[in-house]
Every structure is written in structure tokens, then in C-alpha cells.
Amino acid sequence: MPRVRKRPAGAARPDKEGPAGKRTNTEKPGEASAKVGNSSLQETSASRDRGKNLSSCWLMKSEPESRLEKGVDVKFSIEDLRAQPKQTACWDGVRNYQARNFLRAMKLQEEAFFYHSNCREPGIAGLMKIVKEAYPDHTQFEKNNPHYDPSSKEDNPKWSMVDVQFVRMMKRFIPLAELKTHHQAHRATGGPLKNMALFTRQRLSVQPLTREEFDFILSLEEKEPS
DNA sequence: GCCAACGTTGGC
DNA sequence: GCCAACGTTGGC
């Protein structure tokens, strides 16, 4: 279920959801375990550094190659984002509490890496930014949507999404394998990627990065592939 | 509230 | 297509 996917057809409908002020705080007991900053997330260095008015950086995964889920193609690449009106889309389909809580922590204008997953060449393809903070993910109520959640009620939606806007492609694609090489080296040397969530929280589709992680990855653009 | 069974993620 | 990692479900 918690496929990250985005669908081109689900493109941003920023004004469809009504008053944006309705962020529900009334979580069910089972959901509380995934709160941002709780003990289960303390291990990522990014979550430690947040909460001090520092703007956060993010990494968000999406599948760039076609794959059918309940008969619907869940492909959504950075090229697909760039092709949207205003180069903007809603990031729907997140069905994991930790990932959802990170979506809810995102602030306007924060930057996120667009990560290509489950594909021939996984890695970071480009940059986007948050242009609308968390609001209810409409796909949870759509019976024919692959991410339909019959347990979610309209008056208390479980799942959230944000709107993202394309910023730019990476100057060069940064492959997962290269990031992993640095991660492993940094575990020994104490370098910036030593705790990167991509490796320490393997399956999390929306994840925070520290400024140091973010800047280090940007610096890789200027280097030859390693 | 434990924990085995199950389902999903996503690299390889 | 395989399968390890790991989140979720549900019986007890």
C-alpha cells in the first residue's frame, strides 16, 4: 500500500480542498507512534536538528517507470512533474504514518530532492520545493484509486499531501550507488552522510535531510561521478 | 500488548 | 523476478 506514487492524473488541484486551516490534530492512538520527533525517529540526524526554526530539507521518492497498481499506472518522474501546469503537482498516495508526518512538517519554500526509485537507475534526479503545506489527500476517498483507504473518514482524514513545484534538474544525476559509497565511507570517517535516512530508514518514502547532508549532495553535482 | 503471519518497498 | 527489510494486522 504505502507506495509513494504520484499520478499525472492526480495533478495539483490546489484549491479543491476548501479551507486549508483544517489541519486535524486529533490522531487515533495507533497513529501517535509515528509522530515527527518521537523516539522512533530519533536516529536520523535530520530529525534531531529540526524544531529550532531551521528550515528543513527533504527527499521524496517516486517511481519514474511505468508500473500498474490495481490497474493504474503509478509512474511519476521528475519529467512528469516538470510537464505539469505551473510545474506543480500534489504529492498524493503516501500511506505510511512516518512519511505522512514528515509531509505535515513541511513548510512553504522548503526544498526537496526528487528521488527516482524502483527503476533501472535509482537516484536523485532533481530539486523541487514545497508550494502548499499539508492538506487532505483526496485519493484516500476515491474507490477506484490504488491508494483508496476505506478506513479513512471525510470528517477526519488520515492521509495528507503537499504540493510541490519543480525547481531544476540536478546538474548531473546522482545515483544511489554513489550516495551509498559516500554513506559507507562517512560511517567510518564521521562525514556528512553517515546517518542519511535513505540508508538508515530504508523504506521511508518521505524523509528529512540535514542541511549538511543536503549541501554535501549538492556539492557532488560539481564532481565527476565516483 | 505480544508476536507470527502477511504485505509492501525497492535494490539488485 | 528474487528476496531482505520492515511496517501492519489480527489472534490470542
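Chain letters run A, B, ... following the sequence lines, proteins first, then strands; residues in each count from 1.
- Between A:Lys180 and B:dC12, a side-chain N or O to OP1/OP2 separation shorter than 4.0 Å is present.
- Checking A:Ser55 against A:Lys107 by side-chain atom types alone, no donor-acceptor pair falls below 3.5 Å.
- The distance from atom CD of A:Glu69 to atom C1' of B:dG10 is 13 Å, rounded to the nearest whole Å.
- Of the candidate nucleotides C:dG7, C:dA5, B:dG10, B:dG10 has the atom nearest to the side chain of A:Lys61.
- Residue A:His147 contributes atom NE2, which lies 12 Å from atom P of B:dT8 at whole-angstrom precision.
- You'll find that the side chain of A:Pro122 is closest to B:dG11, out of B:dG11, B:dG10, C:dC6.
- The CG-P distance, from A:Leu204 to B:dT8, rounds to 18 Å in whole Å.
- Proximity of A:Tyr115 to the phosphate of B:dG11: a side-chain N or O atom is located under 4.0 Å from OP1 or OP2.
- With no hydrogens or angles considered, a side-chain donor-acceptor pair links A:Arg95 and A:Thr139 at under 3.5 Å.
- In this structure, CZ of A:Arg201 is placed 16 Å from C1' of B:dG10, rounded to the nearest angstrom.
- Taking the six-membered ring for Trp and the full ring otherwise, the centers of A:Tyr97 and A:Trp159 sit less than 6.0 Å from each other.
- Protein atom CD of A:Gln202 is 5 Å distant from nucleotide atom P of C:dC6, rounded to whole Å.
- With no hydrogens or angles considered, a side-chain donor-acceptor pair links A:Asp73 and A:Ser66 at under 3.5 Å.
- Nearest to the side chain of A:Leu176, among B:dG10, B:dC12, C:dC6, sits B:dC12.
- Atom-to-atom, CZ of A:Arg120 to C1' of B:dG11 comes out at 14 Å; the value is rounded to the nearest Å.
- In this structure, A:Glu65 does not pair ionically with A:Arg67, as no charged nitrogen and carboxylate oxygen lie closer than 4.0 Å.
- Of the candidates B:dG11, C:dA5, C:dT8, the closest approach to any side-chain atom of A:Asn96 belongs to C:dT8.
- If you take CZ of A:Arg67 and P of B:dT8, they are 10 Å apart, rounded to a whole angstrom.
- Atoms CD (A:Glu65) and P (B:dC12) sit 14 Å apart, rounded to a whole Å.
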